[in-house]
Amino acid sequence: MTNILATSPDLAGALLRLHYVDCFVRGCEASILLNSTADNTAEKDASLNKDVRGYDVIDRLKFKLEEACPGIVSCADIIALAARDSIRLSNGPDIPIGTGRRDGNGSSASDVPLNLPPANATITQLLSFFAKKNLTAQDLVILSGAHTIGKAHCYSFSDRLYNYNGSGTSDRRLDANYQTVLKQECTPNDMKNLVGLDAYNATAFDLGYYLGLSQMKGLLSSDVALLDDNITNTYVLHQANNNSTDEFFADFAISFMIMGKIGALTHSKGEIRRTCSVVNPAPSPSPSPSPKPNSAKTGSAFSSFPSGFVVLIYFCFQHY
Ligand code: HEM
């Protein structure tokens with residue numbers, strides 16, 4: 001991860017987001033990595049996930065792990081560990097997450113809008129999406145702090161610059177100077193450019209996101225919506241004025257670990273995928289056993305002759 005992020009620092013945000021979008025839909029079981037098939041459109045092809053990035057990094061990590069210890073590390077754990085490392089390598093907290101997640105065997109694009117809030121979600125919608133995952137208002141405002149790193153495409157927020165709610169003007173909750181900067185980055189209908197989610201420093205895991213929000217420099221509508229609830233608003237303003245990251249880091253570590261357990265498959269559930277983008281092939285059927293007379297058909301208690309025979313002899317001797 002150190003090498004990967006040294007070459008492409010942009011991927012830190014992408015990999016952190018990958019863990020979130022994985023966990024919120026079907027749980028942290030790598031359903032986001034599965035490819036669509038002829039008869040199924042998978043999560044990664046849902047419109048809300050069209051800009052999710054970092055799949056090739058997970059494939060590279062999986063390839064190395066399979067070479068070293070085949071069949072041991074799940075794709076879901078690789079996503080979680082890559083997110084953890086992305087945070088730490090962006091100067092964020094070192095979070096002691098657990099492992100043991102296993103991979104699921106399904107993925108459906110139709111699950112995505114039911115589980116991931118859109119970029120223009122209101123505070124009511126955000127709270128309700130998070131509550132469905134047993135996450136509180138506190139978790140919402142803390143986990144949104146992940147937007148201290150990474151980028152968003154212009155199309156994810158440009159309505160706020162050019163045509164907010166169909167008004168033909170900009171969102172009044174967007175600082176005027178910041179608007180000017182953003183308009184230079186994003187022309188109307190720009191489908192390509194990316195802009196840092198944190199107006200101050202989009203590569204360091206710090207308090208810049210909250211400071212920006214408190215000054216009307218939040219990029220997404222869903223970020224600004226955090227100002228509309230007492231609990232989330234208080235937290236934003238508190239962290240914006242904090243002169244140490246200690247408290248945010250400690251809070252983030254806790255909420256991140258809770259998020260990383262949502263719907264995780266453990267023990268005998270799920271599988272360890274060999275390739276992250278496809279489920280394992282079904283095991284080849286074992287050679288069919290020779291027919292057993294009087295077993296299933298008759299419903300006899302002795303489903304296999306030798307053990308039934310031994311039990312019978314045992315009872316005879318007991319009786320005798
Ligand atoms: C609260 C609800 C959330 C909404 C509505 C939301 C929405 C978005 C959107 C629209 C983008 C930009 C996508 C693009 O245009 O390319 C984004 C990026 C990002 N999100 Fe969120 N997000 C939410 C919560 C979270 C959470 C909980 C995390 C992680 C714990 C997270 C981590 C990120 C990161 C790191 C990026 C940057 C991705 C990159 O650089 O490619 N988000 N999010």
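As the structure lists them, so they are numbered: ligands from 1, and atoms in each ligand from 1. Note that the numbering runs from 1 along the sequence shown for the chain. Quick note: numbers below take in every heavy atom, side chains included, and nothing from hydrogens, waters or symmetry partners. Since the model is a prediction, treat every value here as computed from it, not as a measurement.
In terms of protein heavy atoms, atom 16 (O) of ligand 1 is closest to H153 ND1, 2.7 Å. Residue, atom and distance of the protein heavy atom nearest to atom 35 (C) of ligand 1 are G13 O, 3.1 Å. With hydrogens left out, the protein atom closest to atom 12 (C) of ligand 1 is A152 CB, 3.6 Å, a heavy atom. Protein heavy atom at the shortest distance from atom 10 (C) of ligand 1 is A119 CB, 3.6 Å. Here the protein heavy atom with the shortest distance to atom 30 (C) of ligand 1 is A146 CB, 3.6 Å. Of the protein's non-hydrogen atoms, K151 N, 2.8 Å is the one closest to atom 40 (O) of ligand 1.
Considering both main-chain and side-chain atoms, H147 comes within under 3.5 Å of ligand 1 through a nitrogen or oxygen pair. For ligand 1, none of its N or O atoms has an N or O atom of S144 under 3.5 Å away. Taking only nitrogen or oxygen atoms, main chain and side chain alike, D10 does not reach within less than 3.5 Å of ligand 1. Considering backbone and side-chain N/O of Y20, none are found under 3.5 Å from N/O of ligand 1.
Atoms of ligand 1 found under 4.0 Å from any heavy atom of G150 (numbered from 1 in listed order, with element): 37 (C), 40 (O). Every atom of ligand 1 with a heavy atom of L126 under 4.0 Å away is listed here by number and element: 1 (C), 2 (C). Within ligand 1, the atoms closer than 4.0 Å to a non-hydrogen atom of L140 are 1 (C), numbered from 1 in the order shown. Each of the atoms 4 (C), 5 (C) of ligand 1 lies under 4.0 Å from some heavy atom of S222. Residue L197 approaches ligand 1 through these ligand atoms, each under 4.0 Å from one of its heavy atoms: 18 (C), 19 (C), 36 (C), 37 (C). Under a 4.0 Å criterion applied to the non-hydrogen atoms of P117, ligand 1 contributes the atoms 2 (C), 5 (C). Taking every non-hydrogen atom of I149 and a distance limit under 4.0 Å, the qualifying atoms of ligand 1 come out as 35 (C).
In terms of modelled atom types and a separation under 3.5 Å, the side chain of E29 and the main chain of S31 share a donor-acceptor contact. The closest donor-acceptor contact from the side chain of R101 to the backbone of G260 lies under 3.5 Å. A distance-only check finds a donor-acceptor pair linking the side chain of N280 to the backbone of R274 [under 3.5 Å]. The backbone N or O of V278 lies less than 3.5 Å from no partner atom in the side chain of T275, so there is not a single donor-acceptor pair. Under a 3.5 Å cut-off, the side chain of D175 and the backbone N or O of Y178 do form a donor-acceptor pair. In terms of modelled atom types and a separation under 3.5 Å, the side chain of K151 and the main chain of A202 share no donor-acceptor contact.
The part of L220 lying near ligand 1 is the side chain, judged by heavy-atom distances below 4.0 Å. With a 4.0 Å heavy-atom cut-off, ligand 1 is reached by the side chain of F130 but not by its N, CA, C or O. Only side-chain heavy atoms of S156 come within less than 4.0 Å of ligand 1; its backbone N, CA, C and O stay farther off.
Between the side chains of Y210 and N242, no donor-acceptor pair of N or O atoms lies under 3.5 Å. With 3.5 Å as the limit, one finds no donor-acceptor pair spanning the side chains of T37 and N35.
By the 4.0 Å N-to-carboxylate-O rule, D59 lies too far from K62 to be salt-bridged with it.
Of the listed options R53, H19, R17, R53 places a heavy atom closest to atom 39 (C) of ligand 1.
Considering OG1 of T124 and CG of D228, their distance stands at 8.5 Å, rounded to 0.5 Å.
Exactly one residue among N120, V224, L182, N165 makes a side-chain contact (heavy atoms from CB on, under 4.5 Å) with R160. That residue is V224. When N201, T245, D206 are each tested for a side-chain hydrogen bond (donor to acceptor under 3.5 Å, both in side chains) with T148, only one passes: D206.
For the ligand labelled ligand 1, residue A121 lies outside the 4.0 Å heavy-atom shell. Between P118 and ligand 1 there is a heavy-atom distance shorter than 4.0 Å. Proximity of L116 to ligand 1 is not established, as no heavy-atom distance is less than 4.0 Å.
The cationic atom of K133 (NZ for Lys, CZ for Arg) does not lie both less than 6.0 Å from the six-membered ring centre of F130 and within 45° of the ring axis.
Counting non-hydrogen atoms of neighbouring residues, nucleotides and ligands closer than 6.0 angstrom, the NZ atom of K269 reaches no more than 12 such neighbours.
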